[in-house]
Structures are given as structure tokens and as C-alpha cells.
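This chain uses plain numbering: 1 for the first residue, then up along the sequence.
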Amino acid sequence: MQASKQVAPAFGQADLSNCERELIHLAGSVQPHGALLVLRESADLQVQQCSGNVARLLGLPAEALLQRPLALLGGDVAERVAALLQPQQHPGGHADLREAVVLQCCIGPAGRRFDGALHRLAEGGLVLELEPATTSASAETGGLELQDLAPELMATTLSDALQRFGAAPSVGVLADAVVEVLRHLTGYDRVVVYKFDPDGHGKVIAEARHPRLESLLGHHYPASDIPQRARALYLLNRVRMLVDVNAQQAPLLPALRPETGAPLDMSLCQLRSMSPIHLQYLRNMGVTATLTASLVREGQLWGLIACHHYSPRHLRCTLRAAADLLAEVASTRISAIENYAHAQVALMVRRLEQRLVEATSTEGDWRYALFRNPRTLLQPLDATGAALFCEGEVLVSGETPSTPELRALLAWVQDQQQPVPVDEPFACASVGQANPALASLTPTASGVLAVRLSTNSPDWLMWFRKEQLQSVTWAGDPSKPMVANNPLELSPRRSFAAWSEIVRGTAVPWSSTELALARGIGVALVDIIVQVQAVRLLIAEHQLVQIRGAVAGSREPVLVANAEGRVVFANEALAGLRGAPVEKGSEIAGLFAAAPAVQQALAEMRRSQHGWRRELDLLGAGDTRVPMAVHAEPVSGRDGQALGYVLTLLDLREARRADTARLNLESTLRLAAQHTRSEASEPDGVIAAILTNASLAAMDIADARGGPPVAPLLQELENSTRRAAGLYAQIRSFSG
């Protein structure tokens, strides 16, 4: 019985209880505005399968076409397909058709023009999809004229759009630009940007619509509205079009592939029929035609651009490629903006660190300074409360649970954090669901974000969020009823109700930027704690053993020196960087490649009693050098006499690698721009905009210190830029 529950339902046989596993990539049919052919990859390109509408669209019935050469269709379609299979830029093998490649061809005695797309199946064989390229009205689109733009107008529209995208300072501004540009370009009644949260639930963050339509801006949807199989296909096939929700689908003939006896894998097919459940969902919304474009960041589905129309609508592949290009560039800009937020996080943390260091020197305790202004601690993370557990005390700010509840929460968080690296924040959006014993915390601490401040004591800083339903409102008229009472009849309003039920007892999930900020604050507090303990090491010998353990176990390299600049203490992290221990009594200057400069800086610090920051090369074993950011602070006694210095170090190797990667990418972009200018008779605004956007994104990404590794992001940016340029090349290749 248990195993049967996991059987994936065939296409068209799913309901809401199992639609997550519906085999939507094995649809076995296509939308009727185009025809599909499965070809044997042979000299004659024999037709193995075809859609049931080939007689109407291609002029030959299925029985006359199956098991016959593709050339039987007439025109130049066979030659066009054969040309794409030539080695060309792939010496020693066939052209790479793992992604669909577009083509134009003529079919039949009259030479009727078609737009085509060709891709290779993993199990062997080719899939050719064909759509009429005429501008006349057609029955399968409800009498709608097929859409297209003149190449000059297309280039101008894309150039203006890309410049606007590149100038967007935030995701919200970018999303607004995306929906306005796509609605103007495609003519759909409604265009929205739909963003996924970490749990897979979605929210409409931008919308452009016809005035007669009710707004969906700010609307939430449960993750179940877009099953995981569908999300995976959105990554493979970035742009999907539904011409008419009520059109009769054309089945594949025969239903199974003759060579394998298995259904055709239609994952990359643009004409693939959509799930009946999804079609019913659209009907309940009153939507007749759709276009979706994927927004992808770091290989994951960040969100969707969704276009809705309330009558049949068809876009030629030129416009679909333009939508794909705009979505690709928007994805790049989203990545740049969100990674730039990591750089802003570093600046915020630095300012907080400065305030706490000043408070420590004037008041002797950074903890009370941290909580003096609740806005400073809570607002950057959009938290409603915070608590600090330090040296056995509990300090709170904002709305928080009681002290006994906080201590119970601390015990649970520490148990959850055991297998996780110490410097990784702990985040949970639903404490009550994760641990029912803590359900009483939901009103004030449904969500918790915690950073550990010590490896050998239960010192933590935590932020809290309330249950999110308190701040969510329905964007339309809440008095309007849902569609019927049948749970199978999905509608946006029913989806909103389902989402509300799913998230009951949960807080708004913590974003990646908020996690980075919490991590940065935790690191800053750890640094401050280490500095305070290092000062105590100099002025209180009787506390030496306790403080030495805390400093030695810190992951930050730390040096403590006496007033003469000789080493009093160096922790294990510094020894690990050097590859050898630091001898007590040795001169600090001798640990660095620029010894004279360090000696001069120490002398100046003795005179001015002001700290300094510099980038220096630390000498390691075998004459190796490790680039470090060094922060030195003088320590004085009550009488004003210098007691010594505390030096904290930061490894700069990853930052240097990131800078090198950025310079390499910028060099590649300059060469690409020069190559484009040398081959073009006049400047091309679209290519210039693509390269400019990539250059701006590269700078934003490379500036994001404290975020994810930069080098892979720059590589992804290069690949995305190449793909955008390739899509534009496809657009230009069309004769219109």
C-alpha cells in the first residue's frame, strides 16, 4: 500500500493528491497550432512519429508520412535539418542539439513558410517542431493574427529594455521594468513577475495589466500550485507558450516510439501539451493564453515571468526568443543586485562594529551598546524582537518570549546546530511546527535566526519574527466567492486560502541577504569579543587561562604584542595560516614581508595612540606569502601608558582571486565588444546593451564580499552573456 502511493500518475490522470508526481513530460500530444515530427537520425531522416494534425498543417496525412523520409514534405525542410546536423563548429562530431536550435524552412509545392525548432533526444533520435510563419489568421488561434515585429523595431525595443534593466537599483524596480517591457512587447493582457521563497511558495511582486482586470499584485500562492516536475521543466525549457486553453490537443501517432516502445520524452518540446489540471486552473482564472519565461539564478528557479491573455494568442518564435533574452538578462541583473546586497551587508556590519568598539572603550561593555537602539538591531533584518545570550545573562529588545521560554529555545537551537559549522547561522521560519513543545512562542517568535558567538560557551544572538499572516492581505475583493466548492477546481483565490493555511504558524522566511547580514554581525561580534578578551589578557594576569582559551580557539587570526612590538600571544588560527607556530618574544614586524613598514606603523601608533588598517603579506613556511588585511589597535593602561597592541588578521586570498576573475571577465567583454564592432557595419545597440549590462553585473558581483564565492558567479555571468548574445543572433537571423 505504501509503495502504491508513490506511483507517478500518467499524464492527464493526476488529481490534487498526486499532481506533484504527474508525468507531464510524457504528454503524448501537442498544441494544435504546430506540428511535431520525431525523426531517425539517418541520411533520409525517416519520420518515426508525428502529431495528428500534420494533414492540416503540413499537407500530408500521418499514414502517408510515417516511416517515410522527411523530404517527402517537399520544400527545403530536409535540407535545413541536415545542415544543422553537420559538424560545423564541432569537428569530429555532430552539432550539439541538447538545446533546441531554431530554423526557418519551406514546405509543400507552394513553399509555405514555417518556423522550426530541432533538438536531439538523449535516447537517440531528433524532434522537429514546426509552426506556420504566415501572418494570416488561423483557426487554431481563434482568428488571431500571429505576432511579429520588424527587425529594426525589435532591436530598438530590446536595446531600450536592456539599458533600463541595467540601471535598475533594486529587484522591485527591475521587476516593474520587466512587466512593463514584456507587456508592451508581447501585447498580453496581464504580465506579472512571480518570485519563489525558500519553501517554494510564490508571490506576485510586479504587475502590468489591462485596467479592466483585477490586480494580483502581492498575491501569494502555495508551492503545490507549481509541482516540482514543472519547476524542473522550467529550467530545461525557459520559455513556454499556451495559445488556447480550450484548443483540442493533437495526439502523437503512434503513441509510443517504435524503436523503444516508450513514450516520447517531451521535456524540451515547445509544443508539448499542458497538464489538464493546469488548464483547468487557467480556465477558473478566465485565462485563455499564456506565456511564461523562467528567471534563473545560480542554476535554481528564482521566479517566473507570467503573461496572461483572455483570448487566444500566438507569438512567433522571434518574439519568444526576445522574451527569453529579456528574461536571461533580467536573471543576470537579479543575481547582481542580490549579490550587491551582500556588499551592503558588509558596510552595515562595519558601522555596527565601529559603534560597539567605541562603546567598549568608553563604557567597558559592548552588550548594552548593542541593545541601546532597538531600531539599529532589528530593522536591517526586518525582525520584531531580539535576544542576546552572553556570559549567562539574557538581554532582550523588541517583542520577545519570556526568559524561561527563551532559555528553552536556546537549548533547542543548540541541539539543532550541532552538525552545522559554528559560523553558519541557524534559521527557522516555524519554530512551533519544528518543535511542538515550543508552540507557545508562535505569537512573538514563530521565526528565529540565530548566530553563535562562541565555540566553548552558550553565547548566542537571536532575532525573532511573528507569524506572517498578521501582515498579509488579499490584493482583491475578499468578499468574492471562490470557484465552487470542489477542491479540484483550483483558482487564485482558493490558492491564496490554501497558502494561508499552509503558512499558518510560520513567519516570513529569512532571505539569503538576511542570513548574510546575521553571519556578518555574528562575525563582527566574535571579533569584538576576541578584542575585549585580548585586552583583558594584557591588564589582568589572573584571568589569563580563561581568556587564553577563548582567544586561542577563535577562528580569526589574532596577535597580541607588548609595547616593544614583541609577540606575547598568537592563536592557532594564525599558526595554521603560516604553517608554523609563532614564537613568543619574536618581533611582530618579522612576521610580515614588509618588515620596515610594519615597524614604522607601530612606532606611529605608539605616538598617536590610534589604530591602523593595512594589507600586508604574512610570511609562511617555505617563504610563502599570504595576503592579509591587518587591523591593529593600541592598548593603554589607566595611566595612559602603552601596554601593547592587538592585531586581528583577515585572509585576502579569496578576495584577490575574485578580483582576478573580474579583471579576466572584463578583458573578455572588451575583446567581445571589439570583435562585434569589427564585424558590424554600424554599431549594434542590443549587443552593446548586453555587454554593458554584463560589465555592470560583474562589478556588482565582484563587490559582494561576505556573500557566496564570486568566481563561479562570474563564470555563470559569462555563460549567461554568451547565451543572451546567441539568442539575439538567432533573432537577427530571421528574415521577419
Measuring from [X]:[atom1] to [Y]:[atom2], what's the distance to the nearest 0.5 Å?
X	Y	atom1	atom2	value
Leu26	Arg272	CG	CZ	9.5 Å
Cys317	Asp115	SG	CG	3.5 Å
His309	Leu315	NE2	CG	9.5 Å

For this session: Identify the heavy atoms of Cys50 and Ala62 that sit nearest to each other, and give their distance.
Result: SG-CB, 3.5 Å
Exercise. Which atoms form the tightest heavy-atom contact between Ala322 and Leu185, and what is the distance?
Worked result: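 Taking Ala322 first and Leu185 second, the nearest heavy atoms are CB-CD2, 4.0 Å.
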State whether [X] and [Y] are salt-bridged, where the test is any N-O pair (Lys NZ or Arg NE/NH1/NH2 against Asp/Glu carboxylate O) under 4.0 Å.
X	Y	result
Arg297	Glu716	no
Glu214	Arg209	no
Arg723	Asp324	yes
Arg212	Asp189	yes

Exercise. Considering residues, nucleotides and ligands other than His210, do more than 12 of their heavy atoms fall under 6.0 Å from its NE2?
Worked result: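 Enclosed: over 12 neighbouring heavy atoms sit under 6.0 Å from NE2 of His210.
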Exercise. If you draw a 6.0 Å radius around CZ in Arg68, do more than 12 non-hydrogen atoms from other residues or ligands fall strictly inside?
Worked result: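 Not buried by this count: 12 neighbours or fewer within 6.0 Å.
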Exercise. Does a donor on one side chain sit under 3.5 Å from an acceptor on the other, for Ser720 and Thr332?
Worked result: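 A pair is found: one side chain offers a donor N or O, the other an acceptor, under 3.5 Å apart.
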Exercise. Is it true that the NZ or CZ of Arg183 lies under 6.0 Å from the centre of Tyr188's six-membered ring and within 45 degrees of the ring axis?
Worked result: no
Exercise. With a 4.5 Å limit on heavy-atom distance, are the side chains of Phe114 and Leu103 in contact?
Worked result: no
Problem set entry | Pairwise side-chain contact, Leu121 with His119, heavy-atom cut-off 4.5 Å (strictly under) | yes
For this session: Check step by step if side chain to side chain donor-acceptor pair (under 3.5 Å) holds for Asn246 and Arg283.
Result: CA-CA 8 Å; Asn246 297 310; Arg283 292 188 188 101; 3.1 Å; yes
Exercise. Going by the angle between their ring planes, with limits at 30° and 60°, are His278 and Tyr281 parallel, tilted or perpendicular?
Worked result: parallel
Exercise. When Glu131 is tested against each of Gln31, His314, Arg316 for side-chain hydrogen bond (donor to acceptor under 3.5 Å, both in side chains), which residue passes?
Worked result: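 With Glu131 as partner, Gln31, His314, Arg316 yield a single side-chain hydrogen bond (donor to acceptor under 3.5 Å, both in side chains), made by His314.
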